[in-house]
Peer 1: 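The structure under discussion is supplied below as structure tokens; questions concerning it will follow.
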Amino acid sequence: QVQLVESGGGLVQPGGSLRLSCAASGIILSTNVMGWYRQAPGKEREVVANITRGGIVNYADSVKGRFTISRDNAKTRVYLQMNSLKPEDTAVYYCNMEQYGLNSRSFWGQGTQVTVSS
């Protein structure tokens, strides 16, 4: 099984920055995509960004130009650098791994709260 452990959430002012981290451990297939989702109260969970093992990235339109997703060399950690934060970025952010194979499945972190407020 894959375990995902998140860190880096917190309270920041509008225009500020945060860096989220997610560490993956366990049985990790090379064919996987890691990313970040977020969910605000009363809203559906939405993808923020994801990145393949080869470094191909995808961003939600709402965060393009402000957020940057990356993975370390071992491909066991994923980061989300969040700049120019806005109040509408306030949500619980979840680390995600989509692992592909004969029995493809998803793994999720516990979630970390990001609050952007003055």
Peer 1: So do the side chains of T115 and V12 get within less than 4.5 Å of each other, counting heavy atoms only?
Peer 2: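 No, every pair of side-chain atoms sits at 4.5 Å or beyond.
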Peer 1: Report the residue from Q3, M34, Q1 that forms a side chain to side chain contact (heavy atoms under 4.5 Å, CB included) with F107.
Peer 2: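 Of Q3, M34, Q1, side chain to side chain contact (heavy atoms under 4.5 Å, CB included) with F107 is met by Q1 alone.
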Peer 1: Would you mind reporting whether P87 and S117 have side-chain heavy atoms less than 4.5 Å apart?
Peer 2: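 They are not in contact (no side-chain heavy atoms under 4.5 Å apart), so the answer is no.
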Peer 1: Who clusters with I56? Use side-chain heavy atoms, under 4.5 angstrom, across I, L, V, M, F, W and Y, and order the result by chain and number.
Peer 2: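 Result for I56 is none, singleton.
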Peer 1: Any pair with a residue in residues 80-118 that passes disulfide (SG to SG under 2.5 Å), sequence neighbours left out, goes on the list, sorted by first then second residue, please.
Peer 2: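 Output for this query lists C22-C95.
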Peer 1: Short question: side chain of Q99, backbone of R105 - any donor-acceptor pair under 3.5 Å?
Peer 2: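 Here the side-chain-to-backbone pair does not exist.
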Peer 1: In chain order, what residues pass the side chain to side chain donor-acceptor pair (under 3.5 Å) check against N103, with sequence neighbours excluded?
Peer 2: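 Checked N103 against side chain to side chain donor-acceptor pair (under 3.5 Å); zero matches.
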Peer 1: What pairs meet the salt bridge (Lys or Arg N to Asp or Glu O under 4.0 Å) rule with one or both residues in residues 81-91, with sequence neighbours excluded?
Peer 2: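 Output for this query lists R38-D89, R66-D89.
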Peer 1: How long is the gap from CZ on R77 to CG on L4, to the nearest 0.5 Å?
Peer 2: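 One gets 11.5 Å once the value is rounded to the nearest 0.5 Å.
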Peer 1: If you link ILVMFWY side chains whenever their heavy atoms are less than 4.5 Å apart, which other residues fall into the same cluster as W108? By chain and number, please.
Peer 2: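 Members other than W108 - counting any ILVMFWY side chain reachable under 4.5 Å - are Y37, V47, V92, Y94.
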Peer 1: Pairs in or reaching into residues 23-36: which pass side chain to side chain donor-acceptor pair (under 3.5 Å), with residues at least two apart or in two chains?
Peer 2: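 Output for this query lists N32-R71.
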Peer 1: Answer yes or no: does atom CZ of R45 have more than 12 heavy-atom neighbours from other residues, nucleotides or ligands under 6.0 Å?
Peer 2: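 Count over threshold, so yes.
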Peer 1: I'd like to check the side-chain contact (heavy atoms from CB on, under 4.5 Å) partners of Q13; sequence neighbours left out, ordered by chain and number.
Peer 2: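 Partners of Q13 under the side-chain contact (heavy atoms from CB on, under 4.5 Å) test: none.
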Peer 1: Hey, any chance V5 and V2 share a hydrophobic cluster, counting ILVMFWY side chains that come within less than 4.5 Å of each other, even indirectly?
Peer 2: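 Per the 4.5 Å side-chain linkage, V5 and V2 are not co-clustered.
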Peer 1: Using every non-hydrogen atom in the two residues, find where A91 and A40 come nearest and quote the distance to one decimal.
Peer 2: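 Nearest pair, atom of A91 first, then A40: CB-N, 3.9 Å.
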Peer 1: Between atom CG of L11 and atom CG of L18, what is the distance when rounded to the nearest 0.5 Å?
Peer 2: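 CG of L18 is found 8.5 Å from CG of L11.
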Peer 1: Run the side chain to side chain donor-acceptor pair (under 3.5 Å) test against D72 and tell me which residues pass, sequence neighbours left out.
Peer 2: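 By the side chain to side chain donor-acceptor pair (under 3.5 Å) rule, D72 matches no residue at all.
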Peer 1: Please evaluate residues I69 and Y79 with respect to the criterion side chain to side chain contact (heavy atoms under 4.5 Å, CB included), reporting the C-alpha separation (whole Å), side-chain torsions for both, the decisive distance (0.1 Å), and the verdict.
Peer 2: CA-CA 6 Å; I69 189 171; Y79 307 92; over 6 Å; no
Peer 1: Quick one: side chain to side chain donor-acceptor pair (under 3.5 Å) pairs with a partner in residues 47-61, sequence neighbours left out?
Peer 2: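 Listed once each, the pairs are D61-K64.
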Peer 1: Do T90 and Q113 pass the side chain to side chain contact (heavy atoms under 4.5 Å, CB included) test, and can you show the C-alpha distance, the side-chain angles, and the key distance before you say yes or no?
Peer 2: CA-CA 8 Å; T90 297; Q113 178 71 48; 4.0 Å; yes
Peer 1: Counting only heavy atoms not in Q110, do more than 12 sit closer than 6.0 Å to its CD atom?
Peer 2: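 Counting neighbours around CD of Q110, more than 12 heavy atoms of other residues, nucleotides or ligands fall under 6.0 Å, so yes.
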Peer 1: With sequence neighbours excluded, tell me which residues meet side-chain contact (heavy atoms from CB on, under 4.5 Å) with A60.
Peer 2: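 Counting only residues at least two positions away or on another chain, A60 forms a side-chain contact (heavy atoms from CB on, under 4.5 Å) with S62, V63.
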Peer 1: For S106, what residues pass the side chain to side chain donor-acceptor pair (under 3.5 Å) criterion, not counting sequence neighbours?
Peer 2: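 S106 satisfies side chain to side chain donor-acceptor pair (under 3.5 Å) with E98 only.
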Peer 1: Residues two or more places apart in sequence or in another chain: which of them pass side chain to side chain donor-acceptor pair (under 3.5 Å) with S17?
Peer 2: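 By the side chain to side chain donor-acceptor pair (under 3.5 Å) rule, S17 matches N83.
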Peer 1: Check whether any side-chain heavy atom of M82 lies under 4.5 Å from a side-chain heavy atom of L20, and answer yes or no.
Peer 2: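 A side-chain contact under 4.5 Å exists here.
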Peer 1: Is any side-chain heavy atom of L80 closer than 4.5 Å to a side-chain heavy atom of T68?
Peer 2: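 When only atoms from C-beta onward are counted, T68 and L80 do not touch, as no gap falls below 4.5 Å.
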